Amino acid sequence: MTTSTGFDVRRIGGRIGAEILGVDLSGNLEPALVSEINSALVEHKALVFRDQHLDDAGQLRFASLFGELTAAHPTVPSVDGQPQILPVDADEGIRSNVWHTDVTFVRTPPKASTLRSIVVPPYGGNTLIANSAAAYRDLPEPLRELADRLWAVHTNAYDYAAPKSEKAAEYRKRFVSRKYRTVHPVVRVHPETGERGLFIGGFAQSIVGLGPSDSRDLLRIFQSYVTRPENIVRVAWTPGDVVLFDNRITQHYAPDDYGDLPRLLHRVTVAGDVPAGVDGTLSHVLEGDDASHYTPAVA
């Protein structure tokens with residue numbers, strides 16, 4: 001599809017994902033172009049911009065077109081001298097091979113995330129992104145009705161698998177150095193489209209009002225719909241690529257399938273609002289602060 005401002009949107013997945021052709025992210029993007037990119041993001045959930053070769057300043061400039069930027073992370077250090085850029089570095093033990101939505105353990109998770117590939121392995125190291133709205137639509141009606149009423153506790157401090165190296169152990173220690181527990185709706189209403197999506201993932205550890213066993217069982221059932229192959233797009237990185245995804249209605253996963261090879265991405269996130277459930281009730285903090293040091297909350 002060719003847009004009114006002249007760039008092409010090429011679908012790369014049946015239910016999620018599109019490649020954007022004819023846009024140079026290093027240039028000055030006119031407001032009309034940004035608006036059409038945002039429309040494509042809302043529709044396709046994840047956008048891939050190939051062969052951009054931005055530097056840190058260019059990535060920050062591009063991400064800021066979609067809203068105010070967050071700090072790099074609530075607990076993990078940023079790139080040196082770049083407080084809004086998170087290094088996703090395999091050599092430092094950062095291997096996000098768990099399905100998740102970014103930073104849902106705070107009250108205002110990011111609106112959108114950008115990833116920029118700097119070093120990629122010759123094989124493996126892809127990123128998988130899933131459409132949680134399609135997952136919600138796939139639910140049988142009784143499960144949809146149940147999910148609409150449920151709330152989940154998200155936390156950054158839970159029983160992780162044993163770290164595989166000292167660097168991974170140190171990263172995990174920093175990750176949980178400040179504990180957060182936040183209650184979010186299991187079904188989040190997208191603030192721009194009104195679309196409903198399953199808002200769960202790896203940081204969702206329990207269901208409000210249920211015990212550990214029932215919580216695990218229900219979350220496993222809902223999560224299995226998110227990760228159906230038809231709801232997923234796989235991004236195979238080449239150096240210089242940029243991916244923009246809607247963090248409000250997707251999950252992502254980075255398979256740990258490239259051994260000891262180097263892999264480095266930089267992540268910049270756009271500040272989001274407070275999630276709302278189907279009845280309009282907003283998320284709330286159970287433990288920890290409002291993470292104002294991390295995100296300039298929209299609401």
Side-chain angles (χ1 to χ4, degrees), residues 13-16 41-46 98-113 128-156 158 180-233 245-253 272-287 290 295 297-299:
R15 293 185 172 184
I16 179 174
L41 175 66
V42 169
E43 178 179 356
H44 299 288
K45 313 297 191 285
V98 174
W99 281 104
H100 66 286
T101 298
D102 281 338
V103 202
T104 59
F105 48 84
V106 302
R107 186 169 180 253
T108 52
K111 165 188 174 179
S113 294
L128 280 61
I129 308 174
N131 182 342
S132 62
Y136 175 82
R137 292 192 295 269
D138 285 344
L139 291 173
E141 186 174 353
L143 281 179
R144 283 202 307 272
E145 293 176 352
L146 174 61
D148 285 344
R149 301 194 301 270
L150 296 176
W151 291 73
V153 179
H154 294 234
T155 181
N156 63 326
Y158 57 91
Y180 292 95
R181 293 172 66 237
T182 300
V183 177
H184 291 301
V186 167
V187 177
R188 179 180 185 177
V189 177
H190 194 284
E192 292 186 58
T193 67
E195 221 177 353
R196 297 182 183 185
L198 291 174
F199 197 64
I200 44 176
F203 298 121
Q205 291 293 294
S206 62
I207 299 292
V208 174
L210 299 182
S213 179
D214 288 340
S215 290
R216 285 193 299 269
D217 287 344
L218 267 180
L219 287 169
R220 178 187 55 79
I221 290 170
F222 292 135
Q223 186 66 20
S224 71
Y225 282 84
V226 177
T227 58
R228 284 182 167 186
E230 55 265 41
N231 291 332
I232 296 170
V233 66
F245 57 86
D246 190 332
N247 198 58
R248 300 164 293 188
I249 205 158
T250 61
Q251 290 184 29
H252 55 284
Y253 179 105
D273 59 354
V274 180
V278 298
D279 64 353
T281 303
L282 300 179
S283 302
H284 63 276
V285 174
L286 281 184
E287 183 177 356
D290 63 0
T295 177
V298 176

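Just so you know, residue 1 is the first one in the sequence shown, and it goes up from there. Keep in mind that what you see is a predicted model, and the values were worked out from it rather than measured. Only this structure's heavy atoms are used, side chains among them; waters, hydrogens and symmetry mates stay out.
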If you measure from [atom1] on [X] to [atom2] on [Y], what distance do you get to the nearest 0.5 Å?
X: Q205; Y: L219; atom1: CD; atom2: CG; value: 8.0 Å
X: Y225; Y: L143; atom1: OH; atom2: CG; value: 5.5 Å
X: T250; Y: H100; atom1: OG1; atom2: NE2; value: 9.5 Å
X: Q223; Y: T227; atom1: CD; atom2: OG1; value: 5.5 Å
X: H154; Y: I200; atom1: NE2; atom2: CD1; value: 8.0 Å
X: N247; Y: S132; atom1: CG; atom2: OG; value: 9.5 Å

Side chains of D102 and H252 only: does a donor on one sit below 3.5 Å from an acceptor on the other? yes
Check whether any side-chain heavy atom of [X] lies under 4.5 Å from a side-chain heavy atom of [Y], and answer yes or no.
X: V186; Y: L198; answer: yes
X: L146; Y: R149; answer: yes
X: S206; Y: P212; answer: no
X: H190; Y: D246; answer: yes
X: P110; Y: V103; answer: yes

Pairing residues for R228 by the salt bridge (charged side-chain N to carboxylate O under 4.0 Å, His left out) criterion, not counting sequence neighbours: D138
Any sub-3.5 Å donor-acceptor pair from [X]'s side-chain atoms to [Y]'s backbone N or O?
X: R15; Y: N231; result: no
X: R107; Y: V274; result: no
X: N156; Y: Y180; result: yes
X: T182; Y: F105; result: yes
X: H184; Y: T104; result: yes

Identify the two heavy atoms, one from [X] and one from [Y], that lie closest to each other, and give their separation to 0.1 Å.
X: I129; Y: A46; result: CD1-CB, 3.9 Å
X: P275; Y: P185; result: CB-CD, 4.3 Å
X: A134; Y: N131; result: N-OD1, 3.0 Å
X: L282; Y: A276; result: CD2-CB, 3.7 Å

Using the rule given for side chain to side chain contact (heavy atoms under 4.5 Å, CB included), can you reason through I16 versus I232, listing the C-alpha separation, both sets of side-chain angles and the distance that settles it, and then say yes or no? CA-CA 7 Å; I16 179 174; I232 296 170; 5.6 Å; no
Report the relative orientation of the aromatic rings in H284 and W151; use parallel for angles under 30°, tilted for 30 to 60°, perpendicular for over 60°.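 If you compare the ring of H284 with that of W151, the planes turn out tilted.
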Please say whether more than 12 non-hydrogen atoms of neighbouring residues, nucleotides or ligands are located less than 6.0 Å from CD in E141.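 No, CD of E141 has 12 or fewer neighbouring heavy atoms, counting only those of other groups under 6.0 Å.
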Partners meeting ring pair (Phe, Tyr, Trp, His ring centres under 6.0 Å) with Y136 (sequence neighbours left out): none
If you look only at pairs with a residue in residues 186-205, which of them pass as a salt bridge (charged side-chain N to carboxylate O under 4.0 Å, His left out), with sequence neighbours excluded?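 Listed once each, the pairs are K45-E195, R137-E195, D148-R196, R188-D273, E192-R248.
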T101 and side chain to side chain contact (heavy atoms under 4.5 Å, CB included): which partner among F199, F245, F203?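 The passing option is F199.
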Report the C-alpha distance between L150 and V208 in whole Å, list the side-chain angles of each, state the deciding distance to 0.1 Å, and finish with yes or no for side chain to side chain contact (heavy atoms under 4.5 Å, CB included). CA-CA 7 Å; L150 296 176; V208 174; over 6 Å; no
